[in-house]
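Note sheet for the following structure.
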Amino acid sequence: MPQIIDGRAVAAYVKNKAKSEVEGLFKNDMPVCLVVILVGNDPASCVYVANKRKDCDELGIKSVEYALPESTTMEELLALIEKLNQDKEVNGILCQLPLPKHLDETKVLETISPLKDVDAFHPENVGKIMTGKYEFLPCTPAGIMEMLKYYNISAEGKSCVVIGRSNIVGKPMAMLMLHSNATVTICHSRTENLAEVCANADILISAVGKADFVTADMVKDGAVVIDVGMNRNKEGKLCGDVDYENVSAKASMITPVPGGVGPMTRAMLMCNTVTAAKKQYGI
Ligand code: GUN
């Protein structure tokens with residue numbers, strides 16, 4: 001059986017460190033504040049936003065939520081972001097995605113100040129990830145890097161395959177693995193011989209969003225398997241992209257769902273918020 005990469009344990013470790021930093025800042029009259037903007041009432045987004053509030057409460061970070069109606073206009077949303085950009089008491093700003101269809105997501109993300117961009121979605125922060133000189137990383141790839149570090153998994157010279165090319169996970173993930181000196185391949189819906197390419201990976205990272213997408217034949221013996229997926233199976237149970245039972249017979253290490261990448265994504269948002277606050281306080 002493979003070693004389970006325990007995302008909850010690593011998240012607790014990371015959050016503990018962040019909590020100490022928040023306490024230290026607070027004692028020196030430097031409170032930390034995260035603003036989350038939610039437009040509309042997408043049920044999954046409501047859950048994610050509630051979880052962010054819980055995490056902030058746990059760490060002593062002030063959290064402010066703007067729950068805006070579905071009918072919110074671009075002008076209204078941009079005006080709010082501009083106001084928050086100027087507000088010295090706000091350290092981090094996150095606009096929950098997806099936005100309702102009539103809103104221009106790109107423009108919204110570009111309007112959030114790069115200094116308060118705790119998602120690292122602003123083009124300035126995206127560009128910095130390319131060069132390796134970044135302040136913020138998107139939370140999911142950052143969380144995966146933390147897990148690899150915690151378990152002493154070196155990517156040096158290894159073959160890494162990332163399945164999925166999203167701006168939020170796949171692309172930045174590939175770049176971070178490249179910075180760690182892995183030989184990186186990004187696979188996507190048009191990739192030919194997907195199983196064969198994946199079966200060559202020492203580290204396989206799946207961010208597809210389909211239950212049972214990664215089957216045992218796609219996994220090399222002894223591979224490290226990281227499952228970013230968050231899906232429901234036929235029985236309605238939460239599951240990742242990986243056929244966990246069969247892939248477990250081949251992998252040396254694997255992240256479960258739930259309890260793998262998910263808790264790390266949440267924890268890294270807290271870390272990014274602390275980083276933003278420290279930058280703004282000149283620390
Ligand atoms: N919706 C799903 N994941 C994310 C995320 O990481 N950040 C934001 N802003 N919205 C999301």
Side-chain angles (χ1 to χ4, degrees), residues 7 11 14-15 33-56 61 63-68 70 72 77-78 80-81 84-85 90-101 103-126 129 134 136-147 162 164-173 175-176 205-210 226-232 238 240-241 257-258 260-273 275-276:
V14 164
K15 283 198 291 184
C33 172
L34 172 68
V35 170
V36 176
I37 304 168
L38 174 65
V39 186
N41 35 34
D42 174 69
S45 292
C46 292
V47 172
Y48 291 140
V49 169
N51 286 340
K52 290 175 174 90
R53 191 185 322 124
K54 269 190 230 158
D55 292 335
C56 284
I61 294 174
S63 72
V64 179
E65 199 178 304
Y66 286 83
L68 307 179
E70 180 92 19
T72 302
L77 183 54
L78 295 187
L80 171 62
I81 293 171
L84 297 169
N85 284 344
V90 172
N91 303 115
I93 304 169
L94 180 145
C95 186
Q96 188 67 33
L97 303 178
L99 287 168
K101 293 238 169 341
L103 297 173
D104 178 350
E105 195 169 288
T106 305
K107 178 75 186 151
V108 168
L109 297 178
E110 280 174 3
T111 303
I112 293 174
S113 162
L115 295 170
K116 300 188 177 186
D117 174 32
V118 288
D119 264 326
F121 292 166
H122 189 284
E124 192 175 311
N125 288 324
V126 173
I129 295 167
Y134 46 77
F136 300 112
L137 289 175
C139 298
T140 298
I144 292 169
M145 296 313 288
E146 282 293 324
M147 285 201 290
V162 179
R165 54 176 160 179
S166 71
N167 291 332
I168 296 180
V169 181
K171 286 183 207 165
M173 190 69 241
M175 199 49 61
L176 296 182
I205 302 173
S206 180
V208 174
K210 281 189 191 149
I226 308 288
D227 191 347
V228 183
M230 191 72 88
N231 315 301
R232 298 267 167 200
L238 196 63
D241 291 345
V257 178
V261 174
M264 288 308 299
T265 299
R266 286 174 60 174
M268 298 319 290
L269 175 64
M270 299 297 104
C271 294
N272 281 353
T273 305
T275 302

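Both counts, for ligands and for their atoms, begin at 1 and track the order of listing.
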Sequence neighbours left out, cut at 3.5 Å: what donor-acceptor pairs do the side chains of residues 41-51 make with other protein atoms?
residue : atom : partner : partner atom : Å
D42     : OD2  : S45     : N            : 2.9
D42     : OD2  : S45     : OG           : 2.9

Main-chain N/O of C139 paired to D119 side chain as donor or acceptor, under 3.5 Å: no
Could you tell me whether a side-chain N or O of K116 sits under 3.5 Å from a main-chain N or O of V90, the two making a donor and an acceptor? yes
As an exercise, state the distance from CD1 of I93 to CG of D117, rounded to the nearest 0.5 Å. 9.0 Å
Pairs of donor and acceptor atoms involving the side chains of residues 260-269, under 3.5 Å and at least two apart or interchain, shall be tabulated with distances.
residue : atom : partner : partner atom : Å
T265    : OG1  : T140    : OG1          : 2.9
T265    : OG1  : V261    : O            : 3.4
R266    : NE   : D55     : OD2          : 2.9
R266    : NH2  : D55     : OD1          : 2.9

Please enumerate all residues that pass salt bridge (charged side-chain N to carboxylate O under 4.0 Å, His left out) together with E65, with sequence neighbours excluded. R53
If you count only heavy atoms, which residues are under 4.0 Å from ligand 1? L94, C95, Q96, L97, D119, F121
